[in-house]
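So that the names make sense, note that chain A is the first sequence line, chain B the second, and so on, each numbered from 1.
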2 protein chains.
Amino acid sequence: MAVVRHSPNMSAIAAALGVSAATVSNALSGKGRVSPELAEKIRTKAAELGYVPSLTARALRTGRSGVLGLVLPNIGNPLFPQIAQAIENAAADAGYGVLIADSRGNNNMQTLAIQRLMERQVDGIVVVPRFGTRIGDLGCPVAVIDSPSTPGNTVSSDHWQGGQLVADHLAGLGHRNFVLIGANPQSNVQNDRIGGMKSRLPKDARVEVVWIEKIEAVSGPGCPLGLMDKIERGFTAFAASNDLHALRAVTELQRAGIRIPDQASVVGFDDLAWSSVVSPAITTVRQDMAAIAEIAVNALLAVIDQENAEIPEAGGIAIAQHDRVPMTLVARQTSGRPAIFNSQGNTIKGEIR
Amino acid sequence: MAVVRHSPNMSAIAAALGVSAATVSNALSGKGRVSPELAEKIRTKAAELGYVPSLTARALRTGRSGVLGLVLPNIGNPLFPQIAQAIENAAADAGYGVLIADSRGNNNMQTLAIQRLMERQVDGIVVVPRFGTRIGDLGCPVAVIDSPSTPGNTVSSDHWQGGQLVADHLAGLGHRNFVLIGANPQSNVQNDRIGGMKSRLPKDARVEVVWIEKIEAVSGPGCPLGLMDKIERGFTAFAASNDLHALRAVTELQRAGIRIPDQASVVGFDDLAWSSVVSPAITTVRQDMAAIAEIAVNALLAVIDQENAEIPEAGGIAIAQHDRVPMTLVARQTSGRPAIFNSQGNTIKGEIR
DNA sequence: TCTGCCTGATTAATCGTTTAAGCAGAATAT
DNA sequence: ATATTCTGCTTAAACGATTAATCAGGCAGA
């Protein structure tokens, strides 16, 4: 008995039906002129033989691999799962595969990673750039996910609006003394979030900003952020640019005996994996990654199609008509009314709940 | 001026030098018979023209795509970044690309994800299986990363030994009352970790196991785990099968006013992103992902090579000669000697530090 | 000188698709 | 009745590499 050697190809189907391979191709793609009956016969025969098209051969012929590259500043980032999952799903829905590339935490590698992807002839690249880097003309369609305030951004969350959500939430609860926590002022995303927060704070609010990297540069990584000092000075609301920092704040305060949210409120961003299971569960602002990924992938595919139709030497940056997707606040347990005994310059009488 | 249309191919180099394409191929691959001088000329010309080989064409001809698939139970998992990064690095070092596939959290999708990868003719697949699923003959080389106690496992951390590390650490600090925290008893990884811990606990130790999913089935996701009850009953050591659960324990205890590590010690696994920055920083057991990834990828490549040399219809599961890589304990701030006032049935006098 | 071997190249087939071009017969138009 | 357009299919040429087979000389041995 002859064992099935490899998966059958178009010629096998053609031979089995006594037609030409071209006809099989046309029938399966629905492109050329094939009679409905024959087309049907071909399709059933293909299914019967378990035909699987060779994407490699198709790629060679058409010059399109059906694969998208994904470059992130740092695969180790806790936000990576969300992004990767969303992009993978959006790409899969569009019939594309996703090739990942790690820039291993440094800027040169980002370029190298992109090159490696292009050698594998990806049709386009989705990149979440490291801050401080500009994605230029890569000679390949690119979709950039960063922040609306980044030039060349394709689509991203409306981080500014997200910041406003946080400010409104906390101010609405009665807070007037805010500590804003960021990591690095160079990041557009963080700047937007913090800028958005500041833009909505009440006029009589007192605000201080803490930049983690500055503190760590002095006291070492993982060091305390000096939040108890803020508490003693009457601050009640801690708004971090990130759930990781929010978590850090929560544990630092909790460890010092502060009850959350009774004595202090903490809010983060991104709804990271642990945010809902710690005690108390963290109030956060969530990105609609599925929407972002879909918009990014679609914008990318649009550029790819257009490039394919016109000049092959385009390689531009994809631009979505709708470039900022709104964020949503998820109120959980780390935010509440400021306690009376802790509120200075507070106009409304908050209750301890 | 004619602009460079696309990246030049072998024929372009051949034409520029007045030789045949085959010679160029031989020169660049070093396979056929080419005079050293000509080979050198070809190489410099290739560099000069900026020649990039078409991996697609090569894949079509050789039947090998140079791409590995990576399938995980859930891309959203916080461990994903570590695994993905390690696999990507190991694969890149071996000249391979990595295509990711999300099984979107359910078992059927795992099979589908694998199929999608195979359609893209990956040369092999690295899979971290969902628990409860067996990876059978896929018709394609597979490396399984799960646990040494899983049949068909290629390589993984020695979770049992990791568990022993935890037990030794805590027992060495003087603890005698242990709460072991797991999520799901079906997971081989978690069972190994917990089994390893149990195997090294002192004979006079008191042990209780908490399964999170059981509790959540009753009280809902993210609910308290009832750890204060354990504290009141004299337990001082909380060993979780995972940093996520450890963090959950830390915050739950902290929130209730327990000082860590003075009144209770907590240990986790995996050294997840936040473990080093929360207060107190979490003592954990780290996996050597780089080693695991390298072993897995190498074992996979071995099967690929062998399959390529012999019968094309193999598709077996890769087996590494060294299938378990040791874990290392990272002692941080959540583990310490048990306080005297809390220690029941404790033989040594622990100090409050 | 003739045979045989080695060297350094070329030729041509192949991988599996896609697709432009061609072609025979039927249907329609003039 | 003849010219034209469809229709349904086939032919054959790509895509860019790899590789087995071939071939022309040069050189050594008999």
Side-chain angles (χ1 to χ4, degrees), chain A residues 4-43 45-46 49-67 95 118-121 123 308-309 312, chain B residues 4-43 45-46 49-67 95 118-121 123 308-309 312:
Chain A
V4 192
R5 301 214 153 276
H6 264 331
S7 70
N9 55 16
M10 285 195 159
S11 312
I13 302 178
L17 256 39
V19 298
S20 77
T23 303
V24 175
S25 174
N26 283 330
L28 294 179
S29 67
K31 281 196 170 177
R33 293 183 300 214
V34 186
S35 70
E37 310 86 52
L38 181 53
E40 185 53 33
K41 272 212 306 195
I42 289 177
R43 257 167 290 162
K45 192 53 142 187
L49 295 179
Y51 168 70
V52 178
S54 160
L55 298 191
T56 310
R58 181 178 295 166
L60 177 57
R61 175 61 226 238
T62 62
R64 296 176 48 174
S65 59
V67 173
M118 289 184 50
E119 284 177 14
R120 296 194 180 280
Q121 8 255 154
D123 294 335
N308 204 261
Chain B
V4 192
R5 302 214 152 277
H6 263 332
S7 71
N9 55 17
M10 286 199 157
S11 313
I13 302 178
L17 256 40
V19 297
S20 77
T23 304
V24 175
S25 174
N26 283 330
L28 295 178
S29 66
K31 282 197 170 175
R33 292 185 297 215
V34 186
S35 71
E37 309 85 53
L38 182 53
E40 185 53 31
K41 273 211 307 193
I42 288 177
R43 257 167 290 162
K45 191 53 139 186
L49 295 180
Y51 168 71
V52 178
S54 160
L55 299 191
T56 310
R58 182 179 293 166
L60 177 58
R61 176 61 226 242
T62 63
R64 294 176 50 175
S65 59
V67 174
M118 290 185 50
E119 284 178 15
R120 296 193 180 281
Q121 10 256 159
D123 294 335
N308 204 260

Heavy-atom pair of closest approach, residues B:S7 and B:V52: OG-O, 4.4 Å

statement: CD1 (A:I13) and CG (A:L28) are apart, to the nearest 0.5 Å, by 5.5 Å

task: Within residues 27-41 of chain A, find the residues that approach DNA chain D with a heavy atom at under 4.0 Å, and present them sorted by residue number.
output: A:R33, A:V34, A:S35, A:L38

- request: Mind calculating the distance between CE (B:M10) and P (D:dC15) to the nearest angstrom?
  value: 15 Å

message: Side chain of A:S54 only, heavy atoms from C-beta on: which candidate in D:dC9, C:dT17, C:dT11 is closest?
response: C:dT17

query: Roughly how many Å is it from CG in B:L55 to P in D:dC15, rounded to a whole number?
result: 18 Å

Considering all heavy atoms, the nearest B:A57-A:L60 contact: CB-CD1, 3.7 Å

- prompt: How many Å lie between CZ on B:R64 and P on D:dG16, as a whole number?
  reply: 23 Å

message: Looking only at the side chain of A:A57 (C-beta and beyond, no hydrogens), which of the listed nucleotides D:dA17, D:dC9, C:dG16 gets closest?
response: C:dG16

query: Just how far is it from atom OG of B:S65 to atom CZ of B:R120, taken to the nearest 0.5 Å?
result: 11.0 Å

message: Any donor-acceptor pair, under 3.5 Å, between the side chain of B:R61 and the base of C:dT14, if you only look at N and O atoms?
response: yes

message: Give the residues of residues 12-21 of chain B touching DNA chain D, defined as any heavy atom closer than 4.0 Å, sorted by residue number.
response: none

message: Using whole Å, what does the distance between atom C1' of nucleotide C:dT19 and atom CG of A:L60 come to?
response: 14 Å

query: If you round to the nearest 0.5 Å, how far is CG of B:L38 from NZ of B:K41?
result: 6.0 Å

query: What is the minimum heavy-atom distance between B:A14 and B:S20, and which atoms define it?
result: CB-C, 3.6 Å

CG on B:N26 to CZ on B:R33, rounded to 0.5 Å: 9.5 Å

statement: Between the CZ atom in B:R61 and the OG1 atom in B:T56, the distance rounded to the nearest 0.5 Å is 16.0 Å

- request: Counting heavy atoms from C-beta on, name the nucleotide in C:dT18, D:dA17, D:dT11 closest to the side chain of A:S25.
  value: C:dT18

- prompt: Please give, in whole Å, the distance from C:dT14 P to A:N9 CG?
  reply: 13 Å

field: Length of the line joining A:N26:CG and C:dT19:C1', which is rounded to integer Å
entry: 8 Å

query: For B:Y51 and B:M10, what are the C-alpha separation, side-chain angles and deciding distance, and is it a side chain to side chain contact (heavy atoms under 4.5 Å, CB included)?
result: CA-CA 8 Å; B:Y51 168 71; B:M10 286 199 157; 3.4 Å; yes

